[in-house]
Amino acid sequence: MPELPEVETVRRGLAELLPRRTAKDVQVFDSPKSFPNAPRDVEQFLYGAEVVAVRRRAKVLIIDLDTSYSLVAHLKMTGQLVFRGETHFGAGHPNDSLVGQLPDRSTRLQINFEDGARLFFNDQRKFGWVKLLPTSEVENLPFFKKVGPEPLEEETKPEHFIERIRRRNGSMVKPAILDQSVVAGIGNIYADEALWAAKIHPEIRVRDLADEQLETIFIEAVKVMALSIEKGGSTDRNYVDAEGKRGSYLEFAHVFRREGKACHVHPDQEIVKIRVAGRGTHICPVCQTAP
DNA sequence: CACTTGACCTGTCCGC
DNA sequence: TGCGGACAGGTCAAGT
């Protein structure tokens, strides 16, 4: 579910809500992949720890504590991190939340703070996880060892993307841009949106694309993800932000979940859904001509 | 090494 | 209304 824009939206919310709060305890409901490598008594390492910052790298959230430990979370397909408690901009935000009373049956973890605030990790499919790691070891996670640069950072240029995606010259272009070692954070929604905007068919091999076409894909991916962050991300079914609210990017999408609807460039052409490398894929067959 | 496929889970939707 | 099967936004392990 959550891709870079969704995780970044959650990060921005948590960055407003969590710092300076002190953790008290944690309840683990049912989260088999969480705390696999944590110290034996997680609570002992969480009790009295104050949140100092909330960071993001790729699709991973990092909540830094003042104890030299960090809570590290991956939401995978259906994870949510939802905050409940009094805020400096007032209570009442939870009233327009998409999620109801918490905990609910998808709640896997609940972190309680000394001031009564609570942070819920909900995850219908249990693919996601939360780890507690020494902050200095976060960057040593295997995933971080191979992940590519952040596409929305100024210093990440199209040529960095081109150099990395060329390592996958034999692959079709869609699975190549979903590869997190090329650039971080692109998932199924923004892959389809970027390829439509770049007028590139997802099944074309990377080797059959000119550098200029690859550059266009990168620029369009950055544009759609930046717009999505402005819109609070894409809510299809599960995704909500740190206050439990949905994002509105899909109202602006050109192809994702628009099968059977008119292409915004060719009104007589319907968006078609196909399967590419095992993933549902949305294209305009006129904008994006097959290889 | 590069590429593809299946597995991890639960819930929902669609056709019979 | 019930039931089986396909499918869902992400990664990883194992296969070729």
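Bear in mind that the values here come from a model prediction, so they are computed numbers and not experimental data. To find a chain, count down the sequence lines: A is the first, B the second, and so on, and within it residues start at 1.
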Handout entry: Side-chain donor/acceptor of Arg237(A) to base of dA8(C), under 3.5 Å
Key = no
Handout entry: Atom pair CD (Glu193(A)) and CZ (Arg258(A)), whose distance is rounded to the nearest 0.5 Å
Key = 9.0 Å
Problem - Charged N-O contact under 4.0 Å between Arg21(A) and Asp115(A) - result: yes
Practice task
Round to the nearest Å and state the distance from Leu4(A) atom CG to dT11(C) atom P.
Solution key: 11 Å
Exercise for the section: Under 4.0 Å between any heavy atoms, over every strand shown, what does Asp236(A) touch: base, sugar-phosphate, or nothing? Just pick one. Expected result: base
Problem - Check: Gly278(A) main-chain N/O paired with Arg275(A) side-chain donor or acceptor under 3.5 Å - result: yes
Handout entry: Test item: Tyr249(A) and Ile229(A) side chains (from C-beta on) under 4.5 Å apart, heavy atoms
Key = no
Completion exercise
Symbol by symbol from the 5' end, with Watson-Crick or G-U pairs under 3.5 Å, [ ] crossing and | another strand, DNA chain C is .|||||||.|||||||
Practice task
Output yes when at least one side-chain N/O atom of Gln180(A) is less than 4.0 Å from OP1 or OP2 of dT11(C), else no.
Solution key: yes
Exercise for the section: Would you indicate what Asp123(A) reaches in the nucleic acid, counting non-hydrogen atoms under 4.0 angstrom: base, sugar-phosphate, or nothing? Expected result: nothing
Problem - Inter-residue atom distance His201(A).NE2 - Ile274(A).CD1, 0.5 Å rounding - result: 4.5 Å
Problem - Sidechain N-carboxylate O distance under 4.0 Å for Glu8(A), Arg56(A) - result: yes
Practice task
Please report the shortest heavy-atom distance between Ala73(A) and Val130(A), naming the atom on each side.
Solution key: CB-CG2, 4.1 Å
Problem - Nearest-nucleotide 5' precedence on DNA chain C, Trp129(A) against Arg125(A) - result: Arg125(A)
Practice task
Taking only the side-chain nitrogens and oxygens of Arg279(A), find out if one of them lies under 4.0 Å from OP1 or OP2 of dG10(C).
Solution key: yes
Exercise for the section: Check the geometry between Phe127(A) and dG10(C) and answer yes if their rings are stacked (centres below 5.5 Å, planes below 30°), otherwise no. Expected result: yes
Handout entry: Atom P, compared across dA14(C) and dC9(B): separation rounded to whole Å
Key = 15 Å
Practice task
Within residues 140-152 of chain A, find the residues that approach DNA chain B with a heavy atom at under 4.0 Å, and present them sorted by residue number.
Solution key: none
